[in-house]
Amino acid sequence: MPELPEVETIRRQLSKEIVGRRVSSVDVFFAKRLNVSTKKFIGEVSGRRVRDVRRRAKVLLIDLSGGLTMAVHLKMTGRLLFTKKADAPTKHTHLVFGLSGGRRLMFEDVRKFGWVRLFETATIEDSLIGPMGLGPEPFDDAFTPESLAKCLSSRGNSRIKPLIMSQRCVVGSGNIYTDEALWKARIRPDRKAGTLTRQETNRLHAEIRSVLKEAIKRRGSSVDDYVDAYGRPGTYETKHEAYGRGGEKCARCGGLIRKIRLGGRGTHYCPKCQK
DNA sequence: GTGGCCCTGTGA
DNA sequence: TCACAGGGCCAC
């Protein structure tokens with residue numbers, strides 16, 4: 001699924017295309033990933049105007065008029081796509097929103113891990129975001145080398161990659177970007193978090209920001225079939241140095257990139273230059 | 001902390 | 001037929 005760069009790309013596109021528009025119709029084709037009944041979902045969302053499109057970690061927050069927020073998590077294979085009226089729903093279409101001005105927005109998800117949930121805007125922090133136990137946004141001032149060092153030492157026995165992926169020390173970096181940031185910082189993914197030196201922690205902090213920033217610029221990575229809201233793939237995968245490069249030569253030292261399993265996830269690193 | 005699990009599709 | 005795939009929650 002989309003990690004932060006992909007979700008942020010979609011957020012920006014939605015922000016540009018749907019803010020100010022009114023929801024003129026709602027069609028529900030698959031309701032199991034909603035937190036309310038189909039009837040309630042249609043009744044609540046229909047007729048409201050889109051006020052803002054925000055993001056916290058990998059969750060999209062679509063604020064509607066009247067104090068309602070529609071939260072969307074794309075998980076592994078969820079998509080939000082602008083569609084034409086003539087486009088028929090596919091077997092993976094969960095929701096279709098008609099919007100004023102002739103716009104249409106579709107939510108689809110092959111693996112059905114993604115969800116769409118309604119909350120009162122005022123309570124979203126307490127009811128949704130808070131319980132997720134999220135760390136700071138990577139580009140917030142709150143994410144510093146010091147905050148990272150503190151978080152790593154508080155979970156010193158965890159391996160660094162699963163800890164970064166847990167969203168606890170910083171949000172937004174998933175399986176791809178964690179492998180990339182660790183490669184750039186020259187840190188092995190299976191290092192215990194508590195063993196990182198201050199210098200390594202500083203590098204990791206900088207590289208998490210750098211990788212995510214560059215990936216946003218390139219509208220994310222399309223390893224398999226991710227596309228943005230316009231249906232276009234991202235272009236950052238051409239920049240991947242570790243992820244998906246098992247068996248290839250390391251661009252930095254010429255060693256062979258190795259693929260292992262760590263925390264149940266495919267993990268790519270260079271045993272020669274990542275320490 | 002680690003592994004299983006929620007699902008479906010794809011490629012070896 | 002089986003392992004694996006951009007996530008994250010929940011039970012051991």
Side-chain angles (χ1 to χ4, degrees), chain A residues 1-11 29-35 55-60 71-80 90-94 107-117 127-135 151-182 189-195 208 211-212 215-216 218-229 232-240 242-247 259-268:
Chain A
M1 110 82 187
E3 303 179 34
L4 183 144
E6 292 77 19
V7 178
E8 176 61 17
T9 297
I10 291 167
R11 188 199 68 77
F29 299 94
F30 184 80
K32 282 203 177 67
R33 301 301 286 164
L34 306 178
N35 67 336
R55 178 188 58 73
R56 174 70 172 110
K58 301 170 190 170
V59 184
L60 281 164
V72 181
H73 201 310
L74 301 171
K75 292 290 184 88
M76 299 285 258
T77 52
R79 291 174 165 180
L80 282 167
T90 71
K91 62 187 292 195
H92 304 304
T93 303
H94 294 206
F107 173 68
E108 63 175 33
D109 187 356
V110 169
R111 291 177 72 180
K112 299 184 168 74
F113 292 171
W115 46 252
V116 176
R117 298 175 186 168
S127 49
L128 175 68
I129 303 298
M132 294 176 78
L134 300 171
C151 188
L152 298 191
S153 63
S154 77
R155 286 287 181 283
N157 214 28
S158 302
R159 290 163 307 180
I160 187 66
K161 177 181 174 178
L163 182 57
I164 295 301
M165 282 187 66
S166 76
Q167 313 294 296
R168 184 183 188 98
C169 298
V170 60
V171 302
S173 188
N175 204 36
I176 293 177
Y177 297 112
T178 305
D179 277 3
E180 292 301 302
L182 287 168
D190 56 357
R191 280 274 297 281
K192 298 274 181 156
T195 69
I208 288 169
V211 163
L212 293 177
I216 291 170
R218 292 171 175 271
R219 302 190 334 274
S221 302
S222 294
V223 169
D224 191 1
D225 55 4
Y226 161 78
V227 292
D228 65 18
R232 295 184 304 175
T235 66
Y236 189 76
E237 69 278 5
T238 63
K239 309 285 279 186
H240 292 176
Y243 186 87
R245 293 196 173 278
K259 182 175 183 186
I260 61 170
R261 280 195 92 69
L262 192 54
R265 313 303 297 268
T267 297
H268 316 70

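Both backbone and side-chain heavy atoms feed into the values below; hydrogens, waters and symmetry mates do not. Only a predicted model underlies this, so the values are computations on that prediction, with no experimental measurement involved. Every chain is numbered from 1, with letters handed out A, B, ... down the list of sequences.
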Worked check of side-chain contact (heavy atoms from CB on, under 4.5 Å) between A/Q167 and A/M132 = CA-CA 9 Å; A/Q167 313 294 296; A/M132 294 176 78; over 6 Å; no

message = Test side-chain contact (heavy atoms from CB on, under 4.5 Å) on A/N175 and A/Y243; report intermediate values, then the result.
response = CA-CA 8 Å; A/N175 204 36; A/Y243 186 87; 3.8 Å; yes

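Counting any heavy atom pair closer than 4.0 Å across all strands shown, A/N175 reaches sugar-phosphate atoms only and no base atom. Within the nucleic acid shown, A/D179 has no heavy atom closer than 4.0 Å to any nucleic acid atom. Among the protein residues, A/K32 comes within range of no part of the nucleic acid, since none of its heavy atoms lies under 4.0 Å from any strand. The residue A/G266 sits close only to the backbone: its heavy atoms come under 4.0 Å of sugar-phosphate atoms, none of a base.
As rounded to whole Å, 10 Å separates atom C1' of C/dC4 from atom OH of A/Y243. As a whole-Å value, the separation of A/K112 NZ from B/dC7 C1' is 7 Å. Atom pair A/F113:CZ and B/dC6:C1' shows a separation of 5 Å (rounding to whole Å applied). Rounded to a whole Å, the NZ atom of A/K91 is 15 Å from the P atom of B/dC7. As rounded to whole Å, 15 Å separates atom C1' of B/dA12 from atom CG of A/D224. Atom NE2 of A/H73 is separated from atom P of B/dC6 by 19 Å (rounded to the nearest Å). To the nearest angstrom, P of C/dC9 lies 9 Å from CG of A/L128. Atom CZ in A/R33 sits about 12 Å away from atom C1' in B/dC5, given to the nearest Å.
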key: Canonical and wobble pairing (Watson-Crick, G-U, under 3.5 Å) of DNA chain C, dot-bracket with |   = |||||.||||||

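Not counting sequence neighbours, A/T9 has no partner by the side-chain hydrogen bond (donor to acceptor under 3.5 Å, both in side chains) test.
In this structure, the nucleotide among C/dA5, C/dC9, B/dG9 sitting nearest to the side chain of A/M132 is C/dC9. Residue A/R261 has its side chain nearest to C/dC4 when only B/dG9, C/dG7, C/dC4 are considered.
Distances shorter than 4.0 Å separate none of the side-chain N or O atoms of A/H92 from OP1 or OP2 on B/dC7.
DNA chain C is contacted by both A/R111 and A/P131; A/R111 maps to the nucleotide lying nearer its 5′ end (nearest heavy atom per residue).
Tested against A/S222, the residues A/E237, A/R232, A/E6 include a single side chain to side chain contact (heavy atoms under 4.5 Å, CB included) partner, A/E237.
Here A/E8 contributes atom CD and A/D228 contributes atom CG; the two are 12.5 Å apart, rounded to the nearest 0.5 Å. Distance check: A/E3 CD to A/I176 CD1 gives 5.0 Å after rounding to the nearest 0.5 Å.
Between A/H240 and A/Y177, the ring-plane angle classifies as perpendicular under the 30° and 60° cut-offs. Aromatic ring orientation, A/H94 versus A/F107: perpendicular (interplanar angle above 60°, classes split at 30° and 60°).
Looking only at distances, a side-chain donor or acceptor of A/R219 sits under 3.5 Å from a matching main-chain atom of A/P233.
A 6.0 Å sphere centred on CZ of A/R168 holds no more than 12 heavy atoms belonging to other residues, nucleotides or ligands.
A gap of 15 Å separates the P atoms of B/dC7 and C/dC10, to the nearest Å.
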Expected rows: protein N/O vs nucleotides 1-4 of chain B N/O, under 3.5 Å:
unit_1, atom_1, unit_2, atom_2, d
B/dT2, OP2, A/R159, NH2, 3.1

